[in-house]
Structure formats: C-alpha cells, structure tokens
Amino acid sequence: MDPIRQSKIENRKIPFKPLPRSFYQAPTLQLAKDLLGTFLVHRSRGVSTIGRIVETEAYLQDDPACHAYRGSTPRTRVMFGPPGHAYLYFIYGMYWCFNVVSAPPGTGEAVLVRALEPIHGIEGMRRRRAGCGKRLSDKALCNGPGKLVIAMGMGPRQNGIDLTKPPLFLAGRAALGPDSFDPRHILTGTRIGINKAAQHPYRFYLRNNPFVSKR
DNA sequence: AGAGCGATGGCCT
DNA sequence: GGCCATCGCTCTA
C-alpha cells in the first residue's frame with residue numbers, strides 16, 4: 001500500500017464494526033475463503049491494532065491434521081463450542097497461533113489465520129515484534145501465524161473469547177470502502193508445516209500479495 | 001533462494 | 001517419549 005493511503009488510514013477515526021455471528025456459520029472451507037480480505041481488530045488500552053487477513057488454512061473435524069480430530073480435550077474444547085470465537089494454541093514451546101472457530105457446537109473445526117497485511121498501529125506492531133533489535137519491514141511483521149499474534153498484541157488471554165464484539169473482532173471487507181477486494185484473487189494450495197493429511201488443498205491466500213507467509 | 005537446525009515446553013499416549 | 005498448524009539464524013549457492 002502506498003504511504004499516502006497508509007497515513008490516511010492511520011489518521012482516520014476507526015469506523016470498523018464487528019461482523020455478526022451469522023458470518024461464521026458458513027461451512028469451514030467457505031469461511032476460510034470468506035475471511036480473506038476481512039480486518040482483524042484488537043483494541044487494547046484505548047488503541048486499535050488492525051491487520052487485513054491475506055492467508056488462511058482450514059482444519060476440519062475428519063482431518064487427521066486437525067487438533068480436534070481425536071475429539072474434545074482440555075486444549076481443544078473451544079473448537080467444539082459455537083463459531084465466531086477465538087482458539088489460540090501454544091506451539092513449539094514459544095509461539096501462539098490464532099484460529100477462528102467455525103462449525104456448529106459439537107463439531108471441532110477452525111480456520112488458522114496465517115498472515116496479515118498491517119493496516120493500523122504499525123509502529124506498535126514493530127515494537128512488539130522487535131526481539132533482535134533490528135527494525136523489521138512492514139512485510140516481516142505479520143507474515144506467519146506466530147508472528148501476527150505477537151504483532152497484534154494477542155496471546156493466551158484471548159483463547160475462547162467472542163469475536164463478534166470488542167476488544168477482539170473481525171470487520172467486513174468493505175470497511176475501507178467498496179472495491180477494496182477481488183475474490184478472483186484467491187489462490188488455493190496445501191497447508192504449511194504439517195505432515196498428516198498434507199495433500200488437502202485447504203490453504204487460501206491472495207495472489208501476488210506481498211504479506212503472505214509463502215508463495 | 002533455499003536447506004538445515006536449535007530453541008523450547010505443553011500435550012497426549 | 002515423541003510429536004508439534006514456528007521462527008530466526010547460519011551456511012551454501
């Protein structure tokens with residue numbers, strides 16, 4: 001995004017409104033595509049951090065790669081709850097990953113959010129992501145599931161919370177105005193970093209988008 | 001540009 | 001005890 005447009009977005013009063021519960025009632029594979037182009041908004045201590053979703057992965061109940069494949073456990077309990085809630089899990093002893101719970105209660109499915117385009121609160125993102133002391137580029141802030149959780153100021157506290165109201169919610173594709181999204185730009189591929197059921201085309205991302213984790 | 005690898009700790013069998 | 005929906009660094013090209 002060009003710097004002029006960027007500063008306009010940074011300066012405007014935040015008009016973003018939460019999507020309703022009905023948005024999350026689509027089948028999980030459909031929801032994974034519907035989430036592309038929507039805005040993840042986190043309001044914390046009076047400031048908003050916003051990223052636009054550019055890459056997702058679907059995890060289905062009958063899918064061996066899905067955490068819920070073997071049924072509900074203490075960790076996966078929220079995946080079996082109502083759709084439109086946050087599921088965050090701890091991975092590799094270091095990182096948290098953010099999912100949108102989908103499917104009706106009793107069915108354990110979710111969509112992993114893998115990458116965001118930074119939209120608002122970018123300097124805050126850079127501060128939270130600056131572990132090594134180097135200044136990260138905008139492209140490097142949210143191009144991975146562990147990275148975006150850090151950049152957005154999220155963590156285990158958000159596990160299980162309702163995404164249809166602040167402080168953490170999604171806003172529709174039109175939030176920046178009409179024509180800011182073209183569904184024909186959605187590409188499909190295989191999921192990243194898994195071994196089981198690796199052949200399923202359950203990854204979705206935007207063509208030529210510089211903020212996805214991997215082309 | 002891409003392969004290899006260590007860090008690090010919870011979860012589940 | 002093995003696995004893991006990751007990341008950042010180093011080494012080779």
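Within every chain, numbering begins at 1; the chains are lettered A, B, ... in the order of the sequence lines, protein sequences first and strands thereafter. These numbers come from a predicted model, not from an experiment. Because only heavy atoms are used, hydrogens play no part in the values below, and waters and symmetry mates are left out as well, while side chains stay in.
Taking atom OH on A:Y92 and atom P on C:dG8, their separation rounds to 15 Å, with Å as the unit. In this structure, CD1 of A:I192 is placed 10 Å from P of C:dC7, rounded to the nearest angstrom. Between the C1' atom of B:dG2 and the CZ atom of A:R215 lies a distance of 16 Å, rounded to the nearest Å. In this structure, A:I91 atom CD1 and C:dA5 atom P are separated by 5 Å, rounded to whole Å. A:L112 places its CG atom 13 Å from the C1' atom of C:dC4, with the value rounded to the nearest Å.
At a threshold of 4.0 angstrom between heavy atoms, the contacts of A:R75 are confined to the sugar-phosphate backbone, with no base atom among them. Within the nucleic acid shown, A:N99 comes within 4.0 Å of at least one base atom, counting heavy atoms only. Here A:F90 lies in heavy-atom contact (under 4.0 Å) with sugar-phosphate atoms only. Residue contacts shown for A:I194 are limited to sugar-phosphate atoms, with no base heavy atom under 4.0 Å away. A:K214 comes within 4.0 angstrom of nothing in the nucleic acid, heavy atoms only.
Of the candidate nucleotides B:dC12, C:dA5, C:dC4, C:dC4 has the atom lying nearest to any side-chain atom of A:K196. Ranking C:dC7, C:dT6, C:dC4 by closeness to the A:K147 side chain, first place goes to C:dC7. Checking B:dA7, C:dT6, C:dC9 against every side-chain atom of A:K134, the shortest atom distance belongs to C:dC9.
A residue-by-residue look at A:A140 and A:Y87 shows that A:Y87 has its nearest nucleotide of DNA chain C further toward the 5' end.
OP1 and OP2 of B:dC11 both lie 4.0 Å or more from every side-chain N or O belonging to A:T73. Look at A:R70 and you won't find any side-chain N or O under 4.0 angstrom from OP1 or OP2 of B:dT13.
Here the rule is side chain to side chain contact (heavy atoms under 4.5 Å, CB included) with A:Y205, and of A:E55, A:R215, A:R114 only A:E55 fits it.
Using the six-membered ring where Trp is involved, A:H67 and A:Y89 have ring planes that are perpendicular, over 60° apart on the 30 and 60° scheme.
You cannot call A:Y95 stacked on the base of C:dT6; the centres under 5.5 Å and planes under 30° rule is not satisfied.
For the pair A:R191 and A:Y59, the cation sits on the ring face: its NZ or CZ lies under 6.0 Å from the ring centre, inside 45° of the axis.
Of the charged side-chain nitrogens involved, at least one lies within less than 4.0 Å of a carboxylate oxygen, so that A:R126 and A:D138 count as a salt-bridged pair.
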